[in-house]
Amino acid sequence: MQVVGKPRQQNGSLRAKGKTCQRRSGCGLQGPRSARRTPSPHLRWNPMTVVTRFAPSPTGYLHIGGARTALFSWLYARAKGGKFLLRIEDTDKERSTQAAIDAIIDGLNWLGLGGDEPPLLQSARADRHAEVAHELVKRGAAYHCAVTAEALQARRDEAELLQKKKAAESQLSPGDAARLADLMRPFRSPWRDPMLPLPEGASTVVRLRMPDHGELIVHDRVQGTVARAYSELDDLILLRSDGTPTYMLAVVVDDHDMGVTHVIRGDDHFLNTFRQLPIYLGMEWQTPDYSHVPLIHGPDGKKLSKRHGATAVDEYRDVLGYLPEAIRNYLLRLGWSHGDDEIIPDEKAIEWFDLDGLNKAPARLDFAKLDSVNKHYMALADDDRLFGLWLARPGSQGLSNDVQTRIRAAMPHLKTRAANLVQFDEVARFLKDLRPILLTGKAAEQVNEEARSRMAALLQQLESLADWSEPAIKEELAQFCARLGISLGKIGPVLRAILTGGAPSPDIALVIALLGRNEVFARIRDYAGARVSRSS
RNA sequence: GGUCCCUUCGUCUAUCGGUUAGGACAUCUGGUUUUCAACCAGGGAAGAGGGGUUCGACUCCCCUAGGGACUGCCA
C-alpha cells in the first residue's frame, strides 16, 4: 500500500497560524473551553479506553520537563479512567544505562507517577520492530537502500562547508548556491526506484518511502492543525544496516502494540510526528491522538539546562528539599490553568485536567513561586512524614536524641515557617544549636548588665514553674513583667537573644516551651549564671 | 539556509471582538509585633513593533522583530 496524504487544495483553509487555530478561536464550536476543540479525526475507537504513556530514553536522570509531560500523561489517563504506561526507549545501547533506568523510575515513583504496568523495555522488542519494517517493504511503503553512512556524512559535511562559505563570503556562486539548495532538500535515495537493482552483497538499510506528492495534516491538541508537504520530509531510516530498529520505527510499533491512544510528549517531537504518521498509514494502523506540550525554559527564557540550576527531578527532592505534591501542583500550573486556581490538589487536578487547556508557549521555571507552592504543602503535610524526610537529609545527620525529639515535637509549629526542607534547617536551628549559644549581631547588643540581672531573676521565676506549657509560660512572663513594671518588650529581645542567638524563632513563650526546662535553664545560665550565684 | 511553532505585568496565567485588562508569585509602602517569618491593608507593574479588517481589536488577517523546534544508520 502506498502512503497517501490528502490532496493539497483541501488544506489551505485548515492551516492554523498563531491564535487562529481551532483551539483558540472556536471554529464554530461554542461552549466552555474544554468542549471547544474537535476530536482528532485519526481517532476512531472508543475514547473511553484511553491509554497514555511516558517513554524516556535512559541516558541520564529524569528531567523536570520530562516529569511535566509524564504528569500530563498520568493526569489524562486518570481523568479518563484509562491506563498510564511506561516504556524505556533504550534502542541506543551505547548511551543507555541501567543506572539511568533506575534513576528515572525512582524519580517517577517519587512523584507518584508510576506506570499501571511494569515498564516495557524497547530493546526487547527489536525483532518485532524488524518484522514491521519488512512488512512495510512488502507493502511498498518502505525499501532497501544501499547508500552508505559515509556517503550521507559526506553529504552533510559538504552542506556544512557550503554554509560556512556562504556565511564568510555572504554570497555564493550560482553553482555552489544550487548545490547547497539541493543538499538542504530532504534526502531521496536512488533506490526509491524499485527497478534499480541493489549491488551484490551490499549492506542496506530499510527506508520509509515518503509519497511524492501531497501533504500530511496533523491535528494536535496543543499545536493545532498543521500541514506539511511530503516533499519536505526525508525517507527516514527504519532499520539500520545491522538490522536494528531506529527510534522512529520503534516508537510507532510500540505505541501501536501497547494500544496507546493518546501520545503526549515534548514539542521537540512535533515534527517527528510527520515522519511517524506514514508508518501508521503504511501499516494501516489506527493513529493516536497527539498532544505536543512545550518544553520548560529557564528563568532567562532559554531552554532549561544545567546552568540554570536544577534540571533533574532528584535534585528537587534531595538538594532543594521540595515535596512531590508541590512539584506536581507547580508543574501542572506551568502552561496550564483552571481559572484563577493556584493550589490544585490531585483530586481536583484529575477532575479538571484537559489537554485542550495547555498553552503552546514554553513557560519559565520560577523558583520563588515553587517555594510558595511548596510552603503551602509543607504546612499541610503530616508531621511524622515531614520529620522523617528532614531527618533523612545529609545535613540532619549526627543529631542527638534530645535534639531529634525536640524538633519532632516542634514540627507543627516549625513546618509553617519554611518553604522547603533547606529552609527548615534554618527554622529549626534554634532547637539544634549547641550551647553555649553564640550571640550574633543585634542579639549580642541586647545582653547588658541590666539584662543579665533581669534574666537571673526570670530564671528563678521559671525554675519554680510547674506547668511547662506555652500558655503557662506566657502567663508567667506576663506576671514577671507586671511585677517589675515593665513591658514584655523589655525582656523579650534579651530572652530571645540568649535562647536562640538571633536565629529565626517563633513566639518567645513557644520557644521556651519547645526548648524544654533544662535547655532553657542552661541557656539562660550561660549568660546570667554568674549573677545568679552571686545574688543567691 | 529551509520548514514549522511561539510572543498579555519581572514570572506563571485569565481574557473566546465591547472589561477601569483579572488573579497568583515576586516587589514596594504602611500596620501589627518580643527577632525572623506569618498575618492585615494598600501601591506600582502587561497586550513585542508596524500595518490592515471592524462602529469597536489583546482577541481576526498581513508584515517585521525576537525566541524555540526539527533538518542523524541519536532519542
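Everything numeric in this text was worked out from a predicted model, so none of it was measured.
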Enquirer: If the C1' atom of B:rC25 is compared with that of B:rA45, how far apart are they to the nearest Å?
Expert: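 Each nucleotide's C1' atom is 13 Å from the other's.
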Enquirer: Pairing check on B:rU3: which nucleotide meets the Watson-Crick or G-U wobble criteria with it, both distances under 3.5 Å?
Expert: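 Partner of B:rU3: B:rA69.
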Enquirer: Got more than 12 heavy atoms from elsewhere within 6.0 Å of NZ, A:K490?
Expert: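 No, the 6.0 Å shell around NZ holds no more than 12 heavy atoms from other groups.
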Enquirer: Run the salt bridge (Lys or Arg N to Asp or Glu O under 4.0 Å) test against A:D268 and tell me which residues pass, sequence neighbours left out.
Expert: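 Result, salt bridge (Lys or Arg N to Asp or Glu O under 4.0 Å) vs A:D268: none returned.
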Enquirer: Mind checking the P distance from B:rC58 to B:rG50? Whole angstroms is fine.
Expert: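 About 12 Å, rounded to a whole number of Å.
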Enquirer: If I take atom NZ in residue A:K360 and atom P in nucleotide B:rC4, what distance separates them, rounded to the nearest angstrom?
Expert: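 Checked: the NZ to P distance equals 13 Å.
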Enquirer: How would you summarise protein contacts on nucleotides 23-28 of chain B per nucleotide, using B for base, S for sugar-phosphate only and - for none, with heavy-atom distances below 4.0 Å?
Expert: BBSS--
Enquirer: If you compare all heavy atoms of A:V222 against all heavy atoms of A:S291, which two are closest, and at what distance to 0.1 Å?
Expert: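 What the structure gives for the nearest pair is CG2-CB, 4.0 Å.
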Enquirer: Given the P atoms of B:rC62 and B:rU53, what is the spacing between them in whole Å?
Expert: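 Those two atoms are separated by 15 Å.
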Enquirer: Which base sits across from B:rA26 as a Watson-Crick or G-U pair, both distances under 3.5 Å?
Expert: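 B:rA26 is unpaired by these criteria.
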Enquirer: Categorize A:L334 for me: base, sugar-phosphate, or nothing, with a 4.0 angstrom heavy-atom threshold over every strand shown.
Expert: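 The answer is sugar-phosphate, as A:L334 gets under 4.0 Å only of primed atoms, P, OP1 or OP2.
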Enquirer: Whole Å only: how far is the NZ atom of A:K490 from the C1' atom of B:rU33?
Expert: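 Computing the A:K490:NZ to B:rU33:C1' distance gives 15 Å.
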Enquirer: In whole Å, what is the span from the CD atom of A:E160 to the P atom of B:rG2?
Expert: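 Distance check: A:E160 CD to B:rG2 P gives 18 Å.
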Enquirer: Please report the closest heavy-atom contact between A:I524 and A:L499, naming both atoms and the distance.
Expert: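 Closest pair (atom of A:I524, atom of A:L499, distance): CG1-CD1, 4.0 Å.
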Enquirer: Taking all non-hydrogen atoms of both residues, which atom of A:E215 and which atom of A:R228 are closest, and how far apart?
Expert: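 So the two residues come closest at CB-O, 3.1 Å.
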Enquirer: In whole Å, what is the span from the CD1 atom of A:I296 to the C1' atom of B:rU11?
Expert: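 Taking CD1 of A:I296 and C1' of B:rU11, I get 14 Å after rounding.
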Enquirer: Identify whether the distance between the nearest side-chain nitrogen and carboxylate oxygen of A:E89 and A:R87 falls below 4.0 Å.
Expert: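 Result for this pair is yes, salt bridge flagged.
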Enquirer: With rounding to whole Å, what would you report as the distance between B:rU13 and B:rU7 at their P atoms?
Expert: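 So the two P atoms sit 10 Å from each other.
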Enquirer: Would you indicate what A:P506 reaches in the nucleic acid, counting non-hydrogen atoms under 4.0 angstrom: base, sugar-phosphate, or nothing?
Expert: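 Here A:P506 touches the bases of the nucleic acid.
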Enquirer: Ignoring the backbone of A:V226, work out which of B:rC4, B:rA38, B:rU34 is nearest its side chain.
Expert: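 My answer, after comparing the listed nucleotides, is B:rC4.
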Enquirer: With both distances under 3.5 angstrom, what nucleotide forms a Watson-Crick or G-U wobble pair with B:rC55?
Expert: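 The base-pairing partner of B:rC55, which may sit in any strand shown, is B:rG18.
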Enquirer: Could you tell me how far B:rU54 sits from B:rC60 if I compare only their C1' atoms? Round to whole Å.
Expert: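 The same atom, C1', in both gives a distance of 10 Å.
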Enquirer: Could you go through the salt bridge (Lys or Arg N to Asp or Glu O under 4.0 Å) check for A:D212 and A:R192 one step at a time?
Expert: CA-CA 11 Å; A:D212 295 305; A:R192 305 183 95 222; 2.8 Å; yes
Enquirer: Determine which nucleotide pairs with B:rA37, using a 3.5 Å limit on both distances of a Watson-Crick or G-U wobble pair.
Expert: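 In the structure as shown, B:rA37 has no Watson-Crick or wobble partner.
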Enquirer: Regarding A:G266, tell me which of base, sugar-phosphate or nothing describes its non-hydrogen contacts under 4.0 Å with the strands shown.
Expert: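 Since no nucleic acid heavy atom lies under 4.0 Å of A:G266, the category is nothing.
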Enquirer: Pull out every protein N or O sitting under 3.5 Å from an N or O of nucleotides 39-45 of chain B, one pair per line with the distance.
Expert:
none

Enquirer: Which whole number of Å gives the distance between the P atom of B:rG68 and that of B:rU11?
Expert: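 Approximately 15 Å lies between the P atom of B:rG68 and that of B:rU11.
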Enquirer: Measure the distance from CZ on A:F480 to C1' on B:rU34 and round it to the nearest whole Å.
Expert: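 Distance, rounded to whole Å: 14 Å.
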Enquirer: Salt bridge or not between A:E426 and A:R429? Use side-chain N to carboxylate O under 4.0 Å.
Expert: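 A salt bridge is present here (some side-chain N lies under 4.0 Å from a carboxylate O).
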Enquirer: Do any N or O atoms from the side chain of A:T500 and from the backbone of A:A497 form a donor-acceptor pair under 3.5 angstrom?
Expert: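 It does not hold such a pair.
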Enquirer: Assess, by modelled atom type and distance only, whether the side chains of A:N272 and A:Y247 contain a donor and an acceptor separated by less than 3.5 Å.
Expert: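 The answer is no; no qualifying pair exists.
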Enquirer: Taking for each residue the nucleotide of RNA chain B bearing the nearest heavy atom, is the 5' side occupied by A:G492 or by A:G339?
Expert: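 The residue whose closest nucleotide sits nearer the 5' end is A:G339.
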Enquirer: Work out how far the P atom of B:rG52 is from that of B:rU20, and round it to whole angstrom.
Expert: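 Going atom to atom, P in each nucleotide, I get 26 Å.
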Enquirer: For a quick check, tell me whether the side chain of A:R364 and the base of B:rC12 share a donor-acceptor pair closer than 3.5 Å.
Expert: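 By the distance-only test, no, there is no pair.
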Enquirer: Can you tell me how far C1' of B:rA14 sits from CG of A:D356, to the nearest Å?
Expert: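 Distance check: A:D356 CG to B:rA14 C1' gives 17 Å.
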Enquirer: When the C1' atoms of B:rG49 and B:rA65 are compared, how many Å lie between them, rounded to an integer?
Expert: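 Taking atom C1' in both B:rA65 and B:rG49, they lie 7 Å apart.
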Enquirer: side-chain hydrogen bond (donor to acceptor under 3.5 Å, both in side chains) with A:D300: which residues, sequence neighbours excluded?
Expert: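 A:D300 satisfies side-chain hydrogen bond (donor to acceptor under 3.5 Å, both in side chains) with A:R307, A:H308 only.
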Enquirer: Which is more 5' along RNA chain B, the nucleotide nearest A:Q163 or the one nearest A:G489? Just name the residue.
Expert: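 The residue closer to the strand's 5' end, by nearest nucleotide, is A:Q163.
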Enquirer: Start with the C-alpha gap between A:R95 and A:D90, add the side-chain angles, then the distance that decides, and say whether salt bridge (Lys or Arg N to Asp or Glu O under 4.0 Å) holds.
Expert: CA-CA 8 Å; A:R95 297 198 299 157; A:D90 57 346; over 6 Å; no
Enquirer: Pairs under 3.5 angstrom only: tabulate donor-acceptor contacts from the side chains of residues 62-69 of chain A to other protein residues two or more places apart or in another chain.
Expert:
| residue | atom | partner | partner atom | Å |
| --- | --- | --- | --- | --- |
| A:H63 | ND1 | A:G65 | N | 2.8 |
| A:R68 | NE | A:L334 | O | 2.9 |
| A:R68 | NH1 | A:P294 | O | 2.9 |
| A:R68 | NH2 | A:L334 | O | 2.9 |
| A:T69 | OG1 | A:G66 | O | 2.9 |

Enquirer: Do A:S73 and A:R53 have side-chain N/O donor and acceptor atoms under 3.5 Å apart?
Expert: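 No, no side-chain donor-acceptor pair sits under 3.5 Å.
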Enquirer: Does A:D341 reach a base, just sugar-phosphate, or nothing at all? Heavy atoms under 4.0 Å.
Expert: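 Answer is nothing: A:D341 stays at 4.0 Å or more from every strand.
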Enquirer: Nearest whole Å is fine: how far is B:rA38 C1' from A:H376 NE2?
Expert: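 Rounded to whole Å, this separation is 15 Å.
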Enquirer: Summarise protein proximity over nucleotides 67-75 of chain B in one line of letters, 5' to 3': B for base, S for sugar-phosphate only, - for none, counting protein heavy atoms closer than 4.0 Å.
Expert: SSBSSSBBB
Enquirer: Quickly work out the A:L514 CG to B:rU35 P distance and round it to whole Å.
Expert: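 Answer to the nearest Å: 18 Å.
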